[in-house]
2 protein chains.
Amino acid sequence: MKNKCWWHDKFYNFGARMTSTRRTIIDILHSTREHLSVEDIFKKVHEMNPSTGLTTVYRTLDLLEQMGMAQKYIFGDGKARYELAINRKGKGYHHHLVCVKCKTIIDYSDFTNNEIELFKATKTKLLKKYNFKIVNHVTYFYGLCGKCQNL
Amino acid sequence: MKNKCWWHDKFYNFGARMTSTRRTIIDILHSTREHLSVEDIFKKVHEMNPSTGLTTVYRTLDLLEQMGMAQKYIFGDGKARYELAINRKGKGYHHHLVCVKCKTIIDYSDFTNNEIELFKATKTKLLKKYNFKIVNHVTYFYGLCGKCQNL
DNA sequence: AATGAAAATGATAATTGTTTTCATATAGAT
DNA sequence: ATCTATATGAAAACAATTATCATTTTCATT
Ligand SMILES: [Mn+2]
Ligand SMILES: [Mn+2]
Ligand SMILES: [Zn+2]
Ligand SMILES: [Zn+2]
């Protein structure tokens, strides 16, 4: 692994090394808008380098999550799914709409000011009332996507 | 199983029968404020009737969820947890605060009018914008409980 | 460029939570 | 009391994830 890239330092500061498999996985996550399962990612890695083991994919995703570079989701189909926390388009924090029928996942990030305000208020309230310090929150909206409503 | 109870009809309408194990499990869920794992529930059932199998506990919880009597949660420790949807104290829909350190789970149900209003608005917005029909939503607040903040 | 210690990897086995299977037992309508 | 659909328990199967350990790779130091 010769040439550096922007995340080299991130890894270094975390006491981790940059390897080609890790870079491949980051690239894969970068290049999709989907919420890939570990198996999905493994298959894609395998196309580039068939000698890579599934274990390494698990370990890398775990690392990325700990570094705050990736988000892990458990939508309810029994397998973890991952997404870059900060992607190329700067898409940051967002929620998810999960179709209970076809399992499609839609990102929902266009929050209204009202929604943003409210979260801040809730944060304050929970700290006061329950002495609970929120570091993040996750919301899943379950329902029916357009297609599935007409079946 | 002789005497009827209030949920007898609920079962009947669902084409399900009332059995002593099912009643035991409902009682267990009724008598706690915790979010019990399947294993937790199995242990308690086992105290009352050691011949009950774990499979039946799984099956019963599944049934209760399908009937809308229980809620299943996956908080992130890899095991499902259950809670009665409508309990004796009439506690209904609520969110959860999950301490990332000690894994304590706190119920959070005292929503402000503002919060309730906003959810309705969001529901409408999502239907309009994504043509997505929400049937329910789940929010997990992750953070540090009072105790764990001072460690 | 060669060296060496720390970190990463892959193959395999082990673990864990959950589901399936199937023969037997039970609920509850008749 | 009888009968049939439903529920059950034991065991095996399953699927996702994690642990183990010998080998390879990274990268700071020579
Ligand atoms: Mn997303
Ligand atoms: Mn709860
Ligand atoms: Zn759908
Ligand atoms: Zn805590």
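What you see is a predicted model; the values in this text were computed from it and never measured. Each chain gets a letter, A, B and so on, in the order the sequences are listed, and its residues count up from 1.
Here D/dG9 is the nucleotide among C/dT18, C/dT9, D/dG9 with the atom lying nearest to any side-chain atom of B/Thr52. Candidate nucleotides D/dA11, D/dC27, C/dG10 were compared by shortest atom distance to the side chain of B/Thr55, and D/dA11 ranks first. The side chain of A/Arg17 approaches C/dA7 more closely than any other nucleotide in the set D/dT8, C/dA7, C/dT18. Across D/dT26, D/dA16, D/dG9, the shortest atom-to-atom separation from the side chain of B/Thr56 is found for D/dG9. Minimum atom distance to the side chain of A/Ser51 is reached by C/dG10, of the listed D/dC27, C/dG10, C/dA27. In this structure, of D/dT8, C/dG10, C/dT18, it is C/dT18 that holds the atom nearest to the side chain of B/Ala80.
If you measure from atom CG of B/Leu54 to atom C1' of D/dG9, you get 11 Å, rounded to the nearest angstrom. Between the CD atom of A/Glu65 and the P atom of D/dT17 there is a distance of 12 Å, rounded to whole Å. Regarding A/Asn49, its CG atom lies at a distance of 11 Å from the C1' atom of C/dG10, rounded to whole Å. Summarising the geometry, the separation between CG on A/Leu63 and P on D/dT26 is reported as 16 Å, rounded to the nearest angstrom. Distance CZ (A/Phe14) to P (C/dA6): 20 Å, rounded to an integer number of Å. To the nearest angstrom, P of C/dA7 lies 14 Å from NE2 of A/His8. Atom-to-atom, CD of B/Glu39 to C1' of C/dT15 comes out at 14 Å; the value is rounded to the nearest Å. Taking atom CD1 of A/Ile74 as the reference point, atom C1' of C/dT16 lies 14 Å away to the nearest angstrom.
Using modelled atom types, one finds no donor on one side chain facing an acceptor on the other under 3.5 Å when comparing A/His35 with A/Asp40.
Residue B/Asn49 qualifies as enclosed at atom CG: its count of foreign heavy atoms under 6.0 Å is above 12. More than 12 non-hydrogen atoms from other residues, nucleotides or ligands lie less than 6.0 angstrom from NZ of A/Lys125. Within 6.0 Å of CD in A/Glu34 there are 12 or fewer heavy atoms belonging to other residues, nucleotides or ligands.
Over its length, the helix from C/dA1-D/dT30 to C/dT30-D/dA1 turns its helix axis by 30°, as judged from the five terminal pairs at each end, rounded to 10°.
As judged by a 4.0 angstrom heavy-atom cut-off over every strand, B/Ser37 is placed among residues making no nucleic acid contact. Backbone-only contact: A/Tyr12 has heavy atoms under 4.0 Å from sugar-phosphate atoms and none from a base. In this structure, A/Arg22 reaches the sugar-phosphate backbone alone: every heavy-atom distance under 4.0 Å involves primed, P, OP1 or OP2 atoms, never a base.
Every side-chain contact (heavy atoms from CB on, under 4.5 Å) that A/Lys79 has, sequence neighbours left out, goes to A/Ser37, A/Asp77, A/Arg81.
Between A/Phe141 and B/His137, the ring planes lie parallel to each other; the angle is under 30°, not in the 30° to 60° tilted range.
Put simply, CG on B/Asp62 and CD on B/Glu65 are 6.5 Å apart, with the number rounded to the nearest 0.5 Å.
Taking the six-membered ring wherever Trp is involved, the centroid distance between the rings of B/His94 and B/Tyr108 does not fall below 6.0 Å.
Side-chain N/O atoms of B/Thr19 include one lying less than 4.0 angstrom from OP1 or OP2 on D/dT8.
Of the two residues contacting DNA chain C, namely A/Ala16 and B/Lys79, the nearest-nucleotide position lying further toward the 5' end is that of A/Ala16.
The base of C/dA8 is not paired with the side chain of A/Arg59 by any donor and acceptor separated by under 3.5 Å.
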